[in-house]
Undergrad: 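The structure is given below, and queries will be raised subsequently.
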Amino acid sequence: MALRITDECINCDVCEPQCPNEAISMGEEFYVIDPHACTECVGHHGEPQCVVICPVDCIELDPQWKEGQDALMAKYHRLTGTEPVEQS
Ligand code: SF4
Ligand code: SF4
């Protein structure tokens with residue numbers, strides 16, 4: 001799943017530079033995540049970096065974007081232009 005930011009966001013700016021996919025940007029009232037660009041940090045980090053750093057815990061899974069690990073990894077490869085590594 002992609003993640004989403006709730007209206008509890010205090011616009012502290014710390015998550016935006018942490019995102020390896022540049023999926024976070026300022027929205028109309030608070031920061032937002034582009035679900036097409038969020039991989040839950042799969043491919044880059046072991047856990048979502050925005051969730052780790054957010055001081056008010058206002059980033060949650062977006063139930064509208066149900067994606068398994070394989071789909072998130074495929075998104076990672078698409079975003080980075082890298083080829084999946086064949087498992088032998
Ligand atoms: Fe970016 Fe990772 Fe947060 Fe998704 S989970 S918005 S990829 S930092
Ligand atoms: Fe909002 Fe949390 Fe990001 Fe700060 S770290 S801008 S509170 S989502």
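Computation of the quantities below employed the complete heavy-atom set of this structure, encompassing side-chain atoms and omitting hydrogens, waters and symmetry-equivalent molecules.
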Undergrad: Give every donor-acceptor pair under 3.5 Å between a side-chain atom in residues 30-38 and any protein atom, sequence neighbours left out.
TA:
| residue | atom | partner | partner atom | Å |
| --- | --- | --- | --- | --- |
| Tyr31 | OH | Asp13 | OD1 | 2.7 |
| Asp34 | OD1 | His36 | N | 2.9 |

Undergrad: Go through the structure and list residues passing side chain to side chain contact (heavy atoms under 4.5 Å, CB included) with His44, not counting sequence neighbours.
TA: Pro20, Asn21, Tyr76, Thr80
Undergrad: Are the side chains of Met1 and Asp62 in contact, using a 4.5 Å heavy-atom criterion?
TA: no
Undergrad: Listing request: all salt bridge (charged side-chain N to carboxylate O under 4.0 Å, His left out) pairs with a residue in residues 20-33, at least two apart in sequence or in separate chains.
TA: none
Undergrad: Please list every donor-acceptor pair under 3.5 Å in which a side-chain atom of residues 54-61 meets a protein atom from a residue at least two apart or in another chain.
TA:
| residue | atom | partner | partner atom | Å |
| --- | --- | --- | --- | --- |
| Glu60 | OE2 | Arg4 | NE | 2.6 |
| Glu60 | OE2 | Arg4 | NH2 | 2.9 |

Undergrad: Identify the two heavy atoms, one from Ile24 and one from Cys19, that lie closest to each other, and give their separation to 0.1 Å.
TA: CD1-CB, 3.8 Å
Undergrad: Who passes side-chain hydrogen bond (donor to acceptor under 3.5 Å, both in side chains) against Gln49, sequence neighbours left out?
TA: none
Undergrad: Test: salt bridge (charged side-chain N to carboxylate O under 4.0 Å, His left out). Region: residues 74-83. Which pairs qualify, not counting sequence neighbours?
TA: Glu67-Lys75
Undergrad: Through direct or indirect side-chain contacts below 4.5 angstrom among Ile, Leu, Val, Met, Phe, Trp and Tyr, which residues connect to Val14?
TA: Ile53
Undergrad: Could I get the full list of side-chain hydrogen bond (donor to acceptor under 3.5 Å, both in side chains) partners for His45, not counting sequence neighbours?
TA: none
Undergrad: Can you tell me how far the OG1 atom of Thr39 sits from the CD atom of Gln69, to the nearest 0.5 Å?
TA: 9.5 Å
